[in-house]
Asker: 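Okay, here's the structure, questions in a sec.
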Amino acid sequence: MRYAVPLLVFLAMSVFLALGLGQDPEYVPSPFIGKAVPPFTLESLDDPLQTVSTSDFKGKAFVINVWGSWCPACYDEHPYLLEYAQQGELPIVGLNWKDTREDARNWLARLGDPYVVNAYDPVGDAGINLGVYGAPESFLVSAEGVVLHKHVGPLTPAIWQAEFLSRVSAL
């Protein structure tokens with residue numbers, strides 16, 4: 001009886017550890033899946049006199065890609081975004097996050113621009129409202145403005161195929 005309590009604590013901790021080891025460490029659930037994308041209206045990266053708003057895409061499915069020129073993983077996914085944009089399946093809306101306008105514009109000029117438009121979020125408020133905690137992150141948004149899926153990390157053809165394609169096909 002003297003060892004029962006420590007044994008039960010050890011068994012409980014072992015169960016929690018075993019459950020944790022079975023989880024995908026890259027999977028980060030979003031509280032917005034199945035809910036309306038948090039609205040934002042931000043300056044356009046290209047023209048501070050223009051705005052980019054989630055309402056600009058009402059009635060259209062689209063992808064929001066959160067990126068920054070400071071982000072090495074964004075650099076890794078960029079070739080795929082360019083390739084995907086050429087296919088024209090869904091528009092990619094860029095959310096340039098916690099960046100400087102000059103660095104972001106130079107980055108796009110140098111590497112190419114896969115985005116139909118870029119919202120400029122230098123402070124990061126819109127990203128935080130989306131539940132973003134790092135870049136890159138991508139959100140699939142339905143024509144009704146509902147977040148269907150969120151991916152944390154660089155998009156690749158394999159990830160698009162595995163996580164997005166069936167959802168896009170169902171749109």
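The residues of the chain are indexed from 1 along the displayed sequence.
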Asker: Work out which heavy atom in Pro114 is nearest to a heavy atom in Leu108; give both atom names and the distance.
Answerer: CD-CD2, 4.4 Å
Asker: Scan side-chain atoms only and decide if Glu77 and Asn65 contain a donor-acceptor pair under the 3.5 Å cut-off.
Answerer: yes
Asker: When the side chains of residues 50-59 are checked against the rest of the protein, which donor-acceptor pairs come out under 3.5 Å, sequence neighbours left out?
Answerer:
residue: Ser53; atom: OG; partner: Phe40; partner atom: O; Å: 3.3
residue: Ser53; atom: OG; partner: Thr41; partner atom: OG1; Å: 3.3
residue: Ser53; atom: OG; partner: Ser55; partner atom: N; Å: 3.1
residue: Ser53; atom: OG; partner: Ser55; partner atom: OG; Å: 2.9
residue: Thr54; atom: OG1; partner: Phe40; partner atom: N; Å: 3.4
residue: Asp56; atom: OD2; partner: Ser53; partner atom: N; Å: 2.9

Asker: Is the closest side-chain donor-acceptor distance between Asn118 and Trp67 under 3.5 Å?
Answerer: yes
Asker: If you measure from NZ on Lys60 to CG on Leu171, what distance do you get to the nearest 0.5 Å?
Answerer: 14.5 Å
Asker: Gly68 and Asn96: which non-hydrogen atoms are nearest, and at how many Å?
Answerer: CA-ND2, 3.9 Å
Asker: Linking I/L/V/M/F/W/Y whenever their side-chain heavy atoms sit closer than 4.5 Å, directly or via other members, would Phe164 and Val116 fall into one cluster?
Answerer: no
Asker: Do Tyr133 and Val152 touch side chain to side chain, with heavy atoms closer than 4.5 Å?
Answerer: yes
Asker: Please confirm whether the ring centroid of His151 lies under 6.0 Å from the ring centroid of Trp160.
Answerer: no
Asker: Which is it for Trp107 and His78 under the ring pair (Phe, Tyr, Trp, His ring centres under 6.0 Å) test, yes or no, and what are the steps along the way?
Answerer: CA-CA 11 Å; Trp107 199 75; His78 200 74; 4.7 Å; yes
Asker: Might you point out which heavy atoms bring Leu155 and Ile159 nearest each other, and give the distance in Å?
Answerer: CD2-CG2, 4.0 Å
Asker: Side chain to side chain contact (heavy atoms under 4.5 Å, CB included), that's the test. Do Asp46 and Arg105 meet it? Break it down for me.
Answerer: CA-CA 7 Å; Asp46 291 331; Arg105 291 180 67 178; 4.2 Å; yes
Asker: Just list the side-chain donor-acceptor pairs under 3.5 Å for residues 82-95, sequence neighbours left out, or say none.
Answerer:
residue: Tyr84; atom: OH; partner: Glu89; partner atom: OE1; Å: 3.1
residue: Tyr84; atom: OH; partner: Leu90; partner atom: N; Å: 3.3

Asker: So which of Asp125, Val132, Val123, Leu130 actually passes side-chain contact (heavy atoms from CB on, under 4.5 Å) with Trp97?
Answerer: Val132
Asker: For the atom pair SG (Cys74) and CG (Leu111), what is the distance rounded to the nearest 0.5 Å?
Answerer: 11.0 Å
Asker: First locate atom CG of Asp99, then atom CG of Leu45, and finally report the distance between them rounded to the nearest 0.5 Å.
Answerer: 8.0 Å
Asker: Could you pull out the closest heavy-atom pair between Gly131 and Lys150, with the gap in Å?
Answerer: O-NZ, 3.3 Å
Asker: Centre-to-centre under 6.0 Å for His149 and Phe139, is that the case here?
Answerer: no
Asker: Between Tyr80 and Val63, is there shared hydrophobic-cluster membership here, with clusters defined by ILVMFWY side-chain heavy atoms closer than 4.5 Å?
Answerer: yes
Asker: Are Ile64 and Val146 connected in the hydrophobic side-chain network, where two residues link if heavy atoms are under 4.5 Å apart?
Answerer: no
Asker: Got a second to check how far Arg101's CZ is from Ser44's OG, nearest 0.5 Å?
Answerer: 7.5 Å
Asker: Would you say the side-chain atoms of Asn106 and Asp103 include a donor-acceptor pair closer than 3.5 Å?
Answerer: no
Asker: Is a side-chain N or O of Trp70 found less than 3.5 angstrom from the main chain of Lys98, in a donor-acceptor match?
Answerer: yes
Asker: Side-chain donor-acceptor pair under 3.5 Å between Thr100 and Glu102, yes or no?
Answerer: no
Asker: Give the cluster check for Ile33 versus Leu165: same hydrophobic cluster or not, with ILVMFWY residues linked at side-chain heavy-atom distances below 4.5 Å.
Answerer: no
Asker: Could you pull out the closest heavy-atom pair between Leu140 and Arg167, with the gap in Å?
Answerer: CD2-CB, 3.6 Å
Asker: With a 6.0 Å cut-off (strictly less than), is the heavy-atom count around OH of Tyr75, excluding the residue itself, greater than 12?
Answerer: no
Asker: Has the side chain of Asn129 got a donor or acceptor atom that lies under 3.5 Å from a matching backbone atom of Pro38?
Answerer: no
Asker: State plainly whether one hydrophobic cluster holds both Val168 and Val141, where clusters connect Ile, Leu, Val, Met, Phe, Trp and Tyr through side-chain heavy atoms under 4.5 angstrom apart.
Answerer: no
